[in-house]
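Inspection log for the structure reproduced underneath, given as structure tokens.
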Amino acid sequence: MIQTIRGTRDILPADIPLWQRVEEAAREAFRRYGYSEIRTPIIEKTELFTRGVGEATDIVHKEMYTFTDRNEESITLRPEATASVVRAYIQHRLYANRAPGEVTKLYYIGPMFRRERPQAGRYRQFYQIGGEVIGASDDPMIEAEVIEMLDWFLISLGIEDSQLLVNSVGDSHERGPYLEKLRESIAAVLDRLCNDCRHRYETNALRVFDCKFENCQEIIAGLPTITDAIGAESRAHFEQFKSHLDARCIAYTVNPRMVRGLDYYSRTAFEIIGGHLGAQNTLVGGGRYDGLAETIGGPPTKGFGFAFGLDRMVMSMPEAEAARVRERARPDVFLVHLGEAARNHAAFIARKLRAAGLAAGMDFTDRKMKKAMALASESGARFALIIGDNEIAAGVYALKNLETGEQQSLDVEAIIEKLKR
RNA sequence: GCGGGUAUAGCUCAGUCGGUUAGAGCGCUUGACUGUGGAUCAAGAGGUCGUGGGUUCAAAUCCCACUACUCGCCCCA
């Protein structure tokens with residue numbers, strides 16, 4: 001039979017409450033911190049990403065889903081959304097009529113596409129939630145506020161074992177000379193490094209710092225770090241950022257070797273790691289991208305943003321929180337009717353319960369009571385409401401608590417009162 | 001792009017040295033039980049053994065190819 005294509009999957013009803021819970025927590029965080037939602041197309045001109053994200057990045061040169069449209073135009077399924085959001089910001093001049101230093105806070109939720117080999121916590125179609133603070137200001141307090149919001153968000157989902165890593169990767173003027181210097185230093189020790197590191201030397205020298213081999217690590221320790229290479233201004237910016245984190249009592253680790261895979265990052269970069277997904281332990285990634293807008297043809301604009309993987313966030317949700325979410329998703333009541341007359345009456349009662357805001361289910365088939373009760377139980381409902389000829393005549397119905405087995409006869413008003421929560 | 005593992009019932013998995021009718025548990029259906037779910041017992045339904053080829057008297061089992069899934073590497077959310 002025809003199945004989902006590699007790296008894509010169906011999110012089935014049983015898991016949907018967990019996804020909705022993460023989305024709801026994120027929306028609440030964005031609401032509190034003053035972000036507005038933006039929805040951009042899933043397809044964009046390929047050029048947006050090759051220029052925005054960077055030709056040399058893995059994402060662009062080996063992971064994009066790129067197609068030629070009928071008019072010979074090259075289009076790409078978005079591998080990330082920051083470039084799209086900045087494009088929209090410029091295209092619609094969202095910066096018009098802004099006071100000096102005022103920023104625009106935007107967030108998005110949606111699928112992204114990268115043609116990678118799937119594994120735990122990694123899919124070809126995956127879902128990201130991200131936020132961007134765009135405008136004329138690069139105040140480090142903006143960055144600290146973003147981290148603060150993420151901190152609140154993670155804790156509200158019960159994710160408490162995550163770790164914040166921060167670094168300054170310097171601005172575009174500082175990074176070039178540094179990279180040159182770094183490559184020179186690596187070249188001197190290249191013959192002692194592992195194969196992967198030699199490859200990284202060719203493609204993305206900063207990545208050498210991530211090597212897991214002890215041998216390499218010893219050699220790497222002697223290499224110059226970006227932190228030592230950045231100028232006074234970037235350094236002061238980073239210091240301010242850290243002091244704003246301190247003021248918020250947010251713990252962090254400075255990792256001078258942390259780099260990010262997208263070309264547009266400048267100065268502050270951060271990562272939140274955690275979860276139990278093996279190699280895919282990055283929950284949130286983000287940073288500053290002051291040059292991005294100009295790269296894609298816009299006016300000089302500052303920006304700071306982040307994204308996290310919804311898939312990974314759902315998988316990282318602690319079992320206690322997941323259990324709470326599932327409990328909340330249960331229907332309130334399932335109607336069990338006995339006979340054709342009772343079926344019509346049950347539909348009538350169900351309508352009343354639903355009008356009162358309750359989640360009420362019923363089976364349409366005429367079944368033996370035993371089977372009907374089993375269906376009520378399987379539906380996950382907290383209560384069963386039994387409706388037979390006796391009940392219809394008396395105007396009171398048997399409401400059974402499916403957990404305790406306790407049962408009482410109540411009229412519709414009393415039932416609504418009891419089921420409300 | 002590179003490496004390892006796996007593929008048998010709806011689900012989780014057994015299946016010996018290649019051997020005749022491919023099993024278990026859970027789930028499902030029915031009954032014990034005629035207005036009360038979960039427990040117990042009994043019976044029943046359910047299989048192109050991933051696909052294609054090969055070896056053999058005989059293949060779920062051995063060999064080859066392919067596909068899918070999965071775990072790593074690279075990289076990232």
Side-chain angles (χ1 to χ4, degrees), chain A residues 1-9 14 22 53 56-63 78-82 109-130 194-200 202-204 206-208 210-213 258-262 271-275 277-286 305-316 334 336-339 342 363 367-392 397-407:
Chain A
M1 65 156 291
I2 299 169
Q3 299 189 341
T4 50
I5 62 181
R6 178 191 281 267
T8 69
R9 57 179 181 155
V22 175
V53 177
T57 59
D58 273 17
I59 289 179
V60 168
H61 93 257
K62 68 176 202 188
E63 294 172 5
R78 63 182 186 194
E80 60 106 48
T82 299
I109 298 181
M112 308 295 158
F113 304 83
R114 292 183 200 170
R115 201 179 185 292
E116 296 181 271
R117 190 84 172 260
Q119 56 188 275
R122 170 188 295 170
Y123 304 93
R124 287 184 171 184
Q125 174 173 340
F126 62 104
Y127 297 81
Q128 276 191 338
I129 296 182
C194 69
N195 282 339
D196 275 346
C197 283
R198 288 176 202 177
H199 178 70
R200 292 180 182 117
E202 299 292 340
T203 55
N204 186 350
L206 283 169
R207 282 278 161 202
V208 169
D210 284 347
C211 191
K212 294 176 178 67
F213 289 110
M258 183 191 70
V259 290
R260 305 216 42 79
L262 288 68
E271 202 168 289
I272 298 175
I273 61 173
L277 295 169
Q280 278 64 246
N281 66 350
T282 305
L283 288 177
V284 189
F306 68 90
F308 62 82
L310 195 39
D311 312 64
R312 287 183 191 177
M313 211 56 82
V314 167
M315 288 186 276
S316 302
F334 192 93
V336 169
H337 64 272
L338 302 163
D363 176 52
R367 296 181 198 276
K368 289 183 181 172
M369 185 173 189
K370 194 171 177 60
K371 181 60 189 171
M373 285 299 290
L375 288 180
S377 192
E378 280 157 25
S379 79
R382 296 148 61 218
F383 289 85
L385 186 64
I386 299 159
I387 300 172
D389 295 341
N390 301 343
E391 282 77 8
I392 295 170
Y397 311 91
L399 185 67
K400 180 171 185 173
N401 183 319
L402 289 170
E403 260 146 51
T404 63
E406 174 186 6
Q407 184 171 321

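Side chains included, hydrogens not; waters and symmetry mates left out as well; all remaining heavy atoms used.
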Legend entry - Base-pairing mate for B/C49 - Watson-Crick or G-U, with both contacts under 3.5 Å: none
Inset, instruction - Considering only NZ, NE, NH1 and NH2 on the basic side and carboxylate oxygens on the acidic side, decide whether A/Asp363 and A/Lys371 come within less than 4.0 Å. - result: no
Inset, instruction - State, yes or no, whether a side-chain contact exists between A/Glu63 and A/Pro79 at a heavy-atom distance under 4.5 Å. - result: no
Inset, instruction - Give A/Gln3 one of three labels, base, sugar-phosphate or nothing, depending on what nucleic acid heavy atoms sit under 4.0 Å from its own. - result: nothing
Legend entry - Phosphate OP1/OP2 of B/C33: any A/Lys368 side-chain N/O under 4.0 Å: no
Protein N or O to nucleotides 1-8 of chain B N or O, pairs below 3.5 Å:
unit_1	atom_1	unit_2	atom_2	d
B/C2	N4	A/Arg117	NH1	2.5
B/G3	O6	A/Arg117	NH2	3.2

Inset, instruction - Quick one: label A/Gly405 by what it contacts on the DNA or RNA (base, sugar-phosphate, nothing), any heavy atom closer than 4.0 Å. - result: base
Legend entry - Side chain to side chain, A/Ile109 and A/Gln128, heavy atoms closer than 4.5 Å: no
Inset, instruction - Give one of base, sugar-phosphate or nothing for A/Ala374, where a contact means two heavy atoms less than 4.0 Å apart. - result: sugar-phosphate
Inset, instruction - Enumerate the residue pairs fulfilling salt bridge (charged side-chain N to carboxylate O under 4.0 Å, His left out) with a member in residues 115-129 of chain A, sequence neighbours excluded, ordered by first and then second residue. - result: A/Glu116-A/Arg122
Inset, instruction - Compare the ring of A/Phe308 with the six-membered ring in the base of B/A77 and state whether they stack (centres under 5.5 Å, planes under 30°). - result: no
Legend entry - For atom CG of A/Leu399 and atom P of B/U36, their distance in whole Å: 17 Å
Inset, instruction - Look at the side-chain N and O atoms of A/Lys370 and state whether any lies under 4.0 Å from the OP1 or OP2 oxygen of B/G37. - result: yes
Inset, instruction - State the CG-NZ distance between A/Leu338 and A/Lys368, to the nearest 0.5 angstrom. - result: 13.0 Å
Inset, instruction - Could you state the atom-to-atom distance from CZ of A/Arg9 to C1' of B/U70 in whole Å? - result: 14 Å
Legend entry - Under-4.0 Å side-chain N/O to phosphate OP1/OP2 contact, A/Lys371 with B/U29: yes
Legend entry - Distance, rounded to the nearest Å, where A/Leu338 contributes CG and B/U34 contributes P: 14 Å
Inset, instruction - With the side chain counted from C-beta on, respond yes when A/Arg114 and A/Phe126 share a heavy-atom pair under 4.5 Å apart, and no when they do not. - result: yes
Inset, instruction - Nearest-nucleotide wise, let me know which of A/Gly388 and A/Thr4 is further upstream toward the 5' end of RNA chain B. - result: A/Gly388
Legend entry - Backbone N/O of A/Pro111 and side chain of A/Arg78: donor-acceptor pair under 3.5 Å: yes
Legend entry - Separation of the P atoms in B/C64 and B/G18, to the nearest angstrom: 16 Å
Inset, instruction - Please tell me which of the listed nucleotides, B/G37, B/G72, B/G35, lies nearest to the side chain of A/Leu402? - result: B/G37
Legend entry - B/G4 and B/A58, which share atom name P, separated by this distance in whole Å: 33 Å
Inset, instruction - Between B/G15 and B/G47, how far apart are the C1' atoms? Round to whole Å, please. - result: 14 Å
Legend entry - Nucleotide opposite B/G44 in a Watson-Crick or G-U pair, distances under 3.5 Å: B/C28
Inset, instruction - Answer yes or no: is there a donor N or O on one side and an acceptor on the other, between the side chain of A/Thr404 and the main chain of A/Glu406, under 3.5 Å? - result: yes
Legend entry - 4.5 Å side-chain heavy-atom contact, A/Phe308 and A/Leu283: no
Inset, instruction - Indicate, with a heavy-atom threshold strictly under 4.0 Å, whether A/Tyr127 touches base, sugar-phosphate, or nothing. - result: nothing
Inset, instruction - With a 3.5 angstrom cut-off on both distances, give the Watson-Crick or G-U wobble partner of B/A60, or none if there isn't one. - result: none
Inset, instruction - Could you measure between the two C1' atoms, the one in B/C33 and the one in B/U40, and give it in whole Å? - result: 12 Å
Inset, instruction - Name the nucleic acid region contacted by A/Glu391, choosing base, sugar-phosphate or nothing; use a 4.0 angstrom heavy-atom cut-off, strictly under. - result: base
Inset, instruction - Report the distance from atom CD of A/Gln407 to atom C1' of B/G35, rounded to the nearest whole Å. - result: 10 Å
Legend entry - Whole angstrom value for the distance that separates P of B/C66 from CZ of A/Arg6: 13 Å
Legend entry - Distance-only donor-acceptor test (3.5 Å): side chain A/Asn390, base B/G35: yes
Legend entry - Touch class at under 4.0 angstrom, heavy-atom based, for A/Val284 against every strand present: sugar-phosphate
Legend entry - B/C17 to B/U56 separation - C1' atoms, rounded to the nearest Å: 15 Å
Inset, instruction - Identify which nucleotide among B/G72, B/G35, B/A77 has an atom closest to any side-chain atom of A/Ile386, counting heavy atoms from C-beta outward. - result: B/G35
Legend entry - Side-chain donor or acceptor of A/Ser316 paired with backbone N/O of A/Arg312 under 3.5 Å: yes
Inset, instruction - Measure the distance from CG on A/Leu375 to C1' on B/C28 and round it to the nearest whole Å. - result: 12 Å
Inset, instruction - Write down the distance separating the C1' atoms in B/G1 and B/A22, rounded off to the nearest Å. - result: 41 Å
Legend entry - Identified pairing partner of B/G37, criterion: Watson-Crick or G-U wobble below 3.5 Å: none
Legend entry - Counterpart base for B/G3, defined by Watson-Crick or G-U wobble contacts under 3.5 Å: B/C71
Inset, instruction - Considering only atom C1', compute the distance from B/C2 to B/G10 and round it to an integer number of Å. - result: 36 Å
Legend entry - For atom CD1 of A/Ile5 and atom C1' of B/C69, their distance in whole Å: 15 Å
Legend entry - Spacing of A/Arg312 atom CZ relative to B/A77 atom P, expressed in whole Å: 8 Å
Inset, instruction - Please evaluate the base of B/A77 for a donor-acceptor partner in the side chain of A/Arg114 within a cut-off of under 3.5 Å? - result: yes
Inset, instruction - Provide the distance between the two P atoms, one in B/A9 and one in B/U51, to the nearest whole Å. - result: 11 Å
Legend entry - Pair assignment for B/C13, Watson-Crick or G-U wobble, requiring both distances under 3.5 Å: B/G23
